[in-house]
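Structure, as structure tokens:
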Amino acid sequence: MENEARESEPFPERKLVSNGSAGLYFVILVLFLISSGSGILLGLYYKPDVDEAYESVQDIVFAVPFGRLLRSLHYWAANSLIICIVAQIALMFFKRWHQDRGRHGWRADLCLAVLILMTAYTGMFLPFDQRGYWGTVIGANILRSGADVLTSLGSPPSLNPPLLLQGLLFNNNEIGDQTLARFSWLHFLVLPIFLGILLYARSKMIPRNTAIPSVPTTTTPSSRWPWLRLSPMLLFILASLLLLSYGFEKELATKANPQIPDNPIRAPWFFRPIQELVSHSSLIGGMILPVLIFIFLWMAPWIDQKKVARKLGRISFLSPFWGTLAFSILWCLFWLACSSFVASRQTLDSDFALLVAHFVAPLPVFAGVCLIWSAAVGFISSSRRSGFTALFTCLMACSVVMIYYVTYHRGPNWVFFLEPSGWEN
Amino acid sequence: MNKSCSKPTIVDPSRKSGRRSFLRLTSTLAGLLSFSTIGAAIARFCLPLKTRQLSSRILTLGRPREYPPGTKVQLQEGRITLLSTEDGFFAVSNTCTHLGCVLQPKKTGFICTCHGSYFNDEGSAMRGPAQRPLSWLRLGCWPNGHLYVACDEEVNTGTYFKA
Ligand code: FES
């Protein structure tokens, strides 16, 4: 209904830039340019070599004039880029821009998100610090766990995607020179080129994807350079990023130590949901769930229809968004508490609570309950759209809860702590 | 202006002439073949070389009597632990079977700081996300009486080495 109304409206010229998606797209573009620019400059001093990488980053931070600021700028631009692409995807979904003709834009955004995350992941390894080194070791082994399952099912090494991907990205089982060479090549050139091409293609999709039927044929000077009007915004972004990098400098972590990992070692915030999932099961949390989630998002334009949901009447706590938000936060916290409880016990005793926890703790139960909830929401409101809204809300809410949980409740040896002060003494 | 010009008749070449369709088929096949060859070559280029890992590293240790029962020695920068028991010697790999972090030895057993897996001295996974036991490595004795560990050769769990 809402969509049809928008489509029948005559095309308003300002909408091209004032539309949320287009504005956010512009921010993404600017952030990409800023991180590329700062990256190019950082590359002047960086040496992609296991023995020298850390020292060269040290030089950038401590010796090169403005090096520390530039590195922080690179860091903040990249982090904001991730926030913006996630916001873009959420916006597209909740505003239903991803349906029909918007589906290309939606899929381009998904690819952008994957590419941006890969760039962040490869970039994490470059300084050769503790987090980067162990993150890379763990990443290689996550692919390994997927490969092992396929091998045990009898697939030859040449038809084993995780194994091939592991060979392609990490080059060897031992994380070292070869991995650094590939990661720096990917981070400096290959991924940014793909990102640039995709961003350009994405910019061509904006009018259609925001459910505006056609671009006006007459080009007035202002609409020919729509970005020009956004130059104040550009300055604003740059200024706020500079302020951020000045105020919150990215500190240099300790050098990688292949004998002793940090305790605890936390992934950067955007990988924390995966880190938490992986700490329950490497195969399900690291391979199966992420792949299923990506397939779900990719197929979303097909499976959810434009049918209008039936009013839920007075059961407002079941509303697809708010109800799911409340439910998924509670369920995620409850599940995490249960599994931490199980992990803290060494042997099974007859305690009833422990029995329940054992029954509830496995990862498939967690994902299954989220699925059942969404199916129930879709069924009760007799609208597929509501069901998928519930599933998407669940996904977002659980990710945020897991980020919070890893940050504040996971202490040394990955043990549950009630508050961060618990592990300091 | 001319009526016959405004509606050009489209001739489907593949249907009209056998020669053309044959040429199209063969050229498509030839193109596919050459591109897939190039693609396969590129893929093979990108995948890692395996030769480096084939050679087994052998680590020579002291004489057996230097390790009385009950000792627990870290070797290879903490990646292998040698344990001496009443039943004999054995060496366990210290790489976590969950996702490959290096384990830290405790008084009994090993703990993984990455996601909290706990292994006992024999290397069985007791707690946490790790499922498989730690692998045992082959131990041997040189003719001069020194012990050695073959760092890349696994043996069955429970094969103690008696010197
Ligand atoms: S790597 Fe040891 S528990 Fe995950």
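Lettering of chains follows the sequences in order, A, B, ..., and the numbering in each one begins at 1. Worth saying up front: this structure is predicted, and the values here are computed from it rather than measured.
Ranked by non-hydrogen atom pairs under 4.5 Å with chain B, the options I265(A), L164(A), V415(A), N413(A) are led by N413(A). Per-residue heavy-atom pair counts under 4.5 Å with chain A were compared for C46(B), G116(B), A130(B), and the maximum is reached by C46(B).
In this structure, the portion of Y133(A) lying under 4.5 Å from any heavy atom of chain B is its side chain and not its backbone. Using a 4.5 Å cut-off between heavy atoms, P412(A) makes no contact with chain B at all. Neither the backbone nor the side chain of R410(A) comes within less than 4.5 Å of any heavy atom of chain B.
In terms of heavy-atom proximity, I138(A) sits nearest to C114(B) at CD1-SG, 4.2 Å.
A 4.5 Å side-chain heavy-atom check between V102(B) and W134(A) finds at least one atom pair inside the cut-off. Counting only heavy atoms from C-beta outward, the side chains of S282(A) and Q131(B) never approach each other to under 4.5 Å. When side chains are defined from C-beta on, Q104(B) does not count as touching N263(A), because their heavy atoms never get closer than 4.5 Å.
Rounding to the nearest 0.5 Å places CD1 of I260(A) at 12.5 Å from SG of C101(B). Atom NE2 of H115(B) and atom OG of S281(A) lie 11.5 Å apart (nearest 0.5 Å).
H98(B) contributes a side-chain N or O that, together with a main-chain N or O of V278(A), makes up a donor-acceptor pair within less than 3.5 Å.
Counting heavy-atom neighbours within 6.0 Å of Y408(A) OH, excluding the residue itself, gives a total of 12 or less. For F416(A), the CZ atom counts as densely surrounded, since its 6.0 Å shell holds more than 12 non-hydrogen atoms of other residues, nucleotides or ligands.
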